[in-house]
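Below you'll find the structure, written out as structure tokens, and then a few comments.
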There are 2 protein chains.
Amino acid sequence: MDTVFFSHILAKVSLSEEEKNSIKTFFVSKKLRKRQYLLQEGDICKYLSFVEKGLLRSYNIDEKGEEHMNMFACEGWWISDMNSFLSGEKAVFNIDAIEESELLMITLEDFEEMTLKIPVMDRYFRILFQNSLVTKERRLVSSNTHTAEEKYIELMESNPAIIQRIPQNLIASYIGIAPETLSRIKKNIASRK
Amino acid sequence: MDTVFFSHILAKVSLSEEEKNSIKTFFVSKKLRKRQYLLQEGDICKYLSFVEKGLLRSYNIDEKGEEHMNMFACEGWWISDMNSFLSGEKAVFNIDAIEESELLMITLEDFEEMTLKIPVMDRYFRILFQNSLVTKERRLVSSNTHTAEEKYIELMESNPAIIQRIPQNLIASYIGIAPETLSRIKKNIASRK
DNA sequence: AAATAAAATTGATCTATATCAATTAGAATT
DNA sequence: AATTCTAATTGATATAGATCAATTTTATTT
């Protein structure tokens with residue numbers, strides 16, 4: 001319980017040693033093998049999880065059985081089916097590990113207790129959610145405003161690091177296009193250079 | 001400074017009379033006529049605004065001059081270009097009034113001061129942003145997973161009240177389709193009943 | 001109430017991207 | 001190293017929804 005976790009929190013708020021120790025007690029750690037599920041659609045999402053190491057994806061599956069990537073999370077990111085986690089409703093997302101991963105997880109009950117005991121964690125999550133909101137908003141704008149190629153270029157430019165760790169077909173799904181289309185887009189871009 | 005505002009906050013957190021009085025001091029109120037701008041693309045978004053009354057929209061404009069609705073906000077909603085507000089970068093969104101409106105507005109400086117003075121407001125905004133995140137996530141799933149008709153039906157079902165106050169062409173833009181397409185979709189749905 | 005402007009509808013046509021099918025390249029497993 | 005499985009590429013074709021243009025309906029302004 002460690003460097004990655006607290007360095008990410010301390011980047012947004014200050015914590016005393018005492019607070020750190022207290023926070024630790026609310027989390028449990030978990031390792032996931034590649035392809036292992038953290039959550040399956042229809043289950044209740046019991047945890048909000050911080051990625052210490054590795055790479056996960058969350059996605060939903062439509063009536064035709066097609067997967068649609070919702071988000072990826074690598075080191076320093078949080079992942080969950082927020083609606084299920086907060087409301088106790090059934091999860092609409094699946095979450096699994098793209099790479100072998102290590103997580104720190106907290107239940108809703110402990111999350112509530114932790115924020116009440118350490119109010120600065122409300123601030124941390126307020127800032128975290130604020131930033132996520134900006135990111136999601138950008139993606140939504142991109143989704144409505146740009147062509148397939150523009151969306152791909154935008155993603156490449158905003159997130160070059162993570163992209164290299166993720167198979168093309170998942171990236172295609174993330175930007176909402178067919179894998180064949182992404183393949184052709186890449187070819188076009190390459191041929192223009 | 002009033003019922004709508006505090007009733008929305010008190011639905012999420014508790015406040016003493018003293019805290020309420022303190023909170024009041026951070027906000028200024030403003031009235032907008034129909035079609036009046038609150039924010040124009042390229043300006044810095046100085047305020048986070050709570051809608052006491054009326055209806056506003058936020059939207060971006062692409063290179064072809066087409067508007068793309070980002071969100072609508074009626075009584076009880078907050079509106080801003082969050083990225084610009086928080087970072088001081090130029091706004092990418094325009095915000096204007098669809099109906100004559102009344103707002104309560106706070107600057108970033110006062111927002112920071114308020115949350116430091118009244119930590120429970122961090123909690124309020126943490127919960128608010130958490131919920132917005134769930135909403136945005138749903139919209140993104142819908143945008144990638146569903147057909148134009150499904151997106152329209154979903155919006156109708158999740159938000160029947162607000163839809164009736166908003167012109168069809170803006171709704172089409174919000175779900176990312178051409179106004180002609182929405183018109184045809186409505187016709188189809190009607191003819192099937 | 002008349003005049004003007006804006007929004008919605010309808011038809012005809014076009015296009016970006018999806019879908020289907022086959023092939024090749026790369027990973028993972030034995 | 002050989003085999004099997006999965007992902008990526010490429011070509012041919014189909015389609016949802018966009019675009020363009022004309023018309024009608026509904027708001028707004030004078």
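Chain letters run A, B, ... following the sequence lines, proteins first and then strands; every chain starts at 1.
You'll find the ring centres of A/Phe85 and A/Tyr47 outside the 6.0 Å limit. Two rings, from A/Phe5 and A/Phe27, have their centers less than 6.0 Å apart.
To the nearest angstrom, P of C/dA6 lies 8 Å from CZ of B/Arg35. Distance, A/Ile163 CD1 to D/dA8 P: 13 Å, rounded to whole Å. Across the protein-nucleic acid pair, A/Arg33 atom CZ and C/dA28 atom P stand 16 Å apart, rounded to whole Å. At whole-Å resolution of the value, CG in B/Asn188 and P in C/dG11 are 12 Å apart. A straight line from CD1 of A/Ile175 to P of C/dT17 spans 10 Å, rounded to a whole angstrom. Rounded to an integer number of Å, the gap from A/Ile98 CD1 to C/dA27 P is 16 Å. Taking atom CD on A/Glu67 and atom C1' on D/dA7, their separation rounds to 13 Å, with Å as the unit.
Within the 4.5 Å cutoff, side-chain heavy atoms of B/Ile79 are placed close to those of B/Ile95.
For the pair B/Lys20 and B/Phe6, the distance from NZ or CZ to the six-membered ring centre is under 6.0 Å and the angle to the ring normal is within 45 degrees.
Here the side chain of B/Asp81 pairs a donor or acceptor atom with the backbone of B/Val92 at under 3.5 angstrom. In this structure, A/Ser29 contributes its side chain and A/Leu103 its backbone to no donor-acceptor pair below 3.5 Å. No donor-acceptor distance shorter than 3.5 angstrom exists from the side chain of A/Glu75 to the backbone of A/Val51, with no hydrogens or angles considered.
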Counting only pairs under 3.5 Å, give me each side-chain donor-acceptor contact of residues 120-127 of chain A, with atom names and distances, residues two or more places apart or in other chains.
| unit_1 | atom_1 | unit_2 | atom_2 | d |
| --- | --- | --- | --- | --- |
| A/Asp122 | OD1 | B/Arg126 | NE | 2.9 |
| A/Asp122 | OD1 | B/Arg126 | NH2 | 3.0 |
| A/Asp122 | OD2 | B/Arg123 | NH1 | 3.1 |
| A/Arg123 | NH1 | B/Thr115 | OG1 | 3.1 |
| A/Arg123 | NH1 | B/Asp122 | OD2 | 3.2 |
| A/Arg123 | NH2 | B/Glu112 | OE1 | 3.1 |
| A/Tyr124 | OH | A/Trp78 | NE1 | 2.9 |
| A/Arg126 | NE | B/Asp122 | OD1 | 3.0 |
| A/Arg126 | NH1 | A/Gln130 | OE1 | 3.4 |
| A/Arg126 | NH2 | B/Asp122 | OD1 | 3.0 |

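Classification of the A/Phe50-A/His8 ring pair by plane angle, with boundaries at 30° and 60°, yields perpendicular.
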| remark: Protein-proximity profile, nucleotides 23-30 of chain D, B/S/- by nucleotide at the 4.0 Å heavy-atom cutoff, equals -----S--
| What string of B, S and - do you get for nucleotides 10-22 of chain D, 5' to 3', if B is base contact, S is sugar-phosphate-only contact and - is no contact with any protein heavy atom under 4.0 Å? | BBB----SSBB--
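Side-chain N/O atoms of A/Asn169 include none lying less than 4.0 angstrom from OP1 or OP2 on D/dT6.
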